[in-house]
Amino acid sequence: MAELLQQNIWESDPELFELMKKEKKRQQCGLEMIASENFTSLSVLQCLSSCLHNKYSEGLPGARYYGGNEFIDQIEWLAQKRALAAYNLDPEIWGCNVQPYSGSPANFAVYTGLIEPHGRIMGLDLPDGGHLTHGFFTQTKKISATSIFFESMPYKVNPTTGLIDYDKLAEQAKLFKPKVIIAGVSCYSRCLDYKRFRQIADENNAYLFSDMAHISGLVAAGIIPSPFEYSDVVATTTHKTLRGPRAGVIFFRKGLKCIGKNGEKIMWDIESRINQAVFPGLQGGPHNHAIAAIATAMKQAKAPEFVTYQKQVVANAQKLCKSLQDRGYKISTDGTDVHLILVDLRNTGITGAKAERILEDISIACNKNTVPGDKSALNPSGIRLGTPALTTRGVKEIHIDDIAQFIHRGLELSKEVTAKSGPKLVDFKNILETDVEIQKKVATLRDEVEKYSQQFTLPGLDEY
Ligand SMILES: *Cc1c(COP(=O)(O)O)cnc(C)c1O
C-alpha cells in the first residue's frame, strides 16, 4: 500500500513516465507557435501538483457545502482579490468567479446566468476568427452546445480587409435583437473597438460580454485596450497569454447600475446569477489546485517583468509579420497589434492543412486556419502563428528572422512535395511518408530547427 501511495511516478509507472518525458523533449526541441499556448511557470506547476487538489469545496468561500475549508476559502479569496487587482478593478463595482474549469465552461456559465434557454447571442463567426463557444453552427449541424441551447447569429469580418464589419453587426443586431453581444476572438490580429460594441449593445438593450481569453495577458500588462470600461461581463482563460493554469475566470459588474426615471437606485443583479450558473448550475467541486495557480499567476501579472514579457510578445509578432511579408507572404489585415498573425496562403498555392503538416514535420507547431473570404471552412487557406510561447522561452526580435526563414523553407519544401503528389492532402501525406528524397530534406530541416530551439530555456521541471 505504502508503495502504491508514495512511489515517484518514474518508479510506479515507467510506461507513462516515458511518454511524459518524450512530451517534455518535444516541447524543448520544437518551436511552439500555436497562438493559444504558453509555457507556465514553475510556481503554477507547483500549485497544480499540490495537496489542494484533494479538497472538495462546493459553494463559494464562506458558504461551502463541506467542512474543512478554512484555508481553501482564503486561497479562493486571494485568487479573486488578485484577479481584480490584475485588471485594476474596483471591488465595489466588479466581482469575479475563479471556479470555471476552463474557458468553454466559463462562457457557457455566462450565457446560462445572463439569459434564458434559447436566448439570443451574437458572436464573431468561427471561420472569421471567433470561438466555437460564441454560438458556432453550420448549415447542417449545431456544433457548439452554445448554439444548441441558445440561439446564435454570427457577425463577420469584411472579406477584403479582414476587419470586423461593425456596421453590418449593428444592422443585423437590429433585426436579430440579441440579448448578448460577444466581443472576443481566437484568431484576429487587431484590437477590438469595445466602445463601438457597447453602442451596438445599448441600441439593442443587450449585454456586452467580452471574452478576452486570447489577449488577457496583454490586457493585464496594459499594452492593448481593456474591455472592462465598456463591458458588463468579461471572461478569460488563464493559460494563454496570461501564462497561468488551464482554467477560466468570469468578471461581472456589481453595485449601482444606474439611476431610474424616478431617481431610484437600480442595482446590478448578475453576480448571483453568474455565480449560480457556475455552481450548482454547471459545475461541481472547484479545482482548488487550479484556483491557487490562478492566484499566483495573477500575482505574476503585476510584476514589471510581466509587462516586459507582453511587450516582447507583441514586438515578436510584429517582427514575424514583417519578416514573412518581406518574403512575399500576405498577412491578413496587413499586420498585427497583438500576439498572433494570420498568414493568408492563397497566393502561394499551399493550403493551410499542408502548411500545418510540413511545419509539424520540421518541429514547428502551428495550426491551419480559415482566412477572410475563404470558400471552404473544411479546407482553410491560412495558418495562425503566435509568439507567446516562444517569447516565454526568451525569443527576441533578433531570432525572429531565423524563425521566419525556417517557416519559409518549410513552406517552399511543401511546394516540392505538392509537385510530386498533386493537390490532394492524402497524396501529400503519402509522399511525406514514403518519398526518400523528400524525407531526407525534411529531416535536415527538422534537425536544424531542433538544434536552434534548444538554445532557449523552458520553465518548469527539468525532465517532465
Ligand atoms: C481558448 C478560448 C476559449 C476556450 O477556452 P478552453 O479553455 O479551450 O475551453 C474561449 N473563448 C476564446 C475566445 C478562446 O480563445
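No hydrogens, no waters, no symmetry mates; every other heavy atom, side chains included, goes into these values. Indexing begins at 1, ligand by ligand and atom by atom, following the structure's order. Note that the structure is predicted; figures quoted are calculated from it, not measured.
- Residue contacts with ligand 1: Thr237 is placed with no nitrogen or oxygen under 3.5 Å of a nitrogen or oxygen of the ligand (distance criterion only).
- Atom 12 (C) of ligand 1 has Asp211 OD2, 3.2 Å as its closest protein atom, hydrogens excluded (heavy atom only).
- Atom 7 (O) of ligand 1 has Ser102 OG, 2.4 Å as its closest protein atom, hydrogens excluded (heavy atom only).
- Of the protein's heavy atoms, Ser104 OG, 2.6 Å lies nearest to atom 9 (O) of ligand 1.
- Applying the ring-ring contact (aromatic ring centres under 6.0 Å, His included) criterion to Phe228, with sequence neighbours excluded, gives Tyr87, Trp94, Phe251.
- Considering only residues two or more places apart in sequence or on other chains, Ser50 meets the side-chain contact (heavy atoms from CB on, under 4.5 Å) condition with Leu52, His289.
- Note on Asp165 versus Lys156: no salt bridge recorded, every NZ/NE/NH1/NH2 to OD/OE distance being 4.0 Å or above.
- In this structure, Arg246 falls outside the shell of residues with a heavy atom less than 4.0 angstrom from ligand 1.
- Under the 4.0 Å criterion applied to side-chain N and carboxylate O atoms, Lys195 and Asp193 are not assigned as salt-bridge partners.
- Residue Ala213 approaches ligand 1 through these ligand atoms, each under 4.0 Å from one of its heavy atoms: 2 (C), 11 (N), 12 (C), 13 (C), 14 (C), 15 (O).
- No side-chain N or O of Thr336 forms a donor-acceptor pair with one of Gln318 less than 3.5 Å apart.
- Listed by number with element, the atoms of ligand 1 under 4.0 Å from a non-hydrogen atom of His239 are 7 (O).
- The existence of a salt bridge linking Arg64 and Glu76 is confirmed by a sub-4.0 Å separation between a basic side-chain nitrogen and an acidic carboxylate oxygen.
- Looking at Gly103 next to ligand 1, an N or O pair under 3.5 Å apart turns up.
- Numbered from 1 in the order shown, with element, the atoms of ligand 1 that lie under 4.0 Å from a heavy atom of Asn107 read 10 (C), 11 (N).
- Judged by distance alone, with hydrogens and angles left aside, the side-chain atoms of Thr238 form a donor-acceptor pair with the main-chain N or O of Pro245 at under 3.5 Å.
- The nearest heavy-atom contact from the protein to atom 2 (C) of ligand 1 is Lys240 NZ, 2.4 Å.
- For Met212, the closest heavy-atom approach to ligand 1 does not fall below 4.0 Å.
- Using a 4.0 Å heavy-atom cutoff, Val185 is listed among the residues neighbouring ligand 1.
- A pairwise comparison of heavy atoms in Asp232 and Ala206 identifies OD2-O, 4.2 Å as the closest pair.
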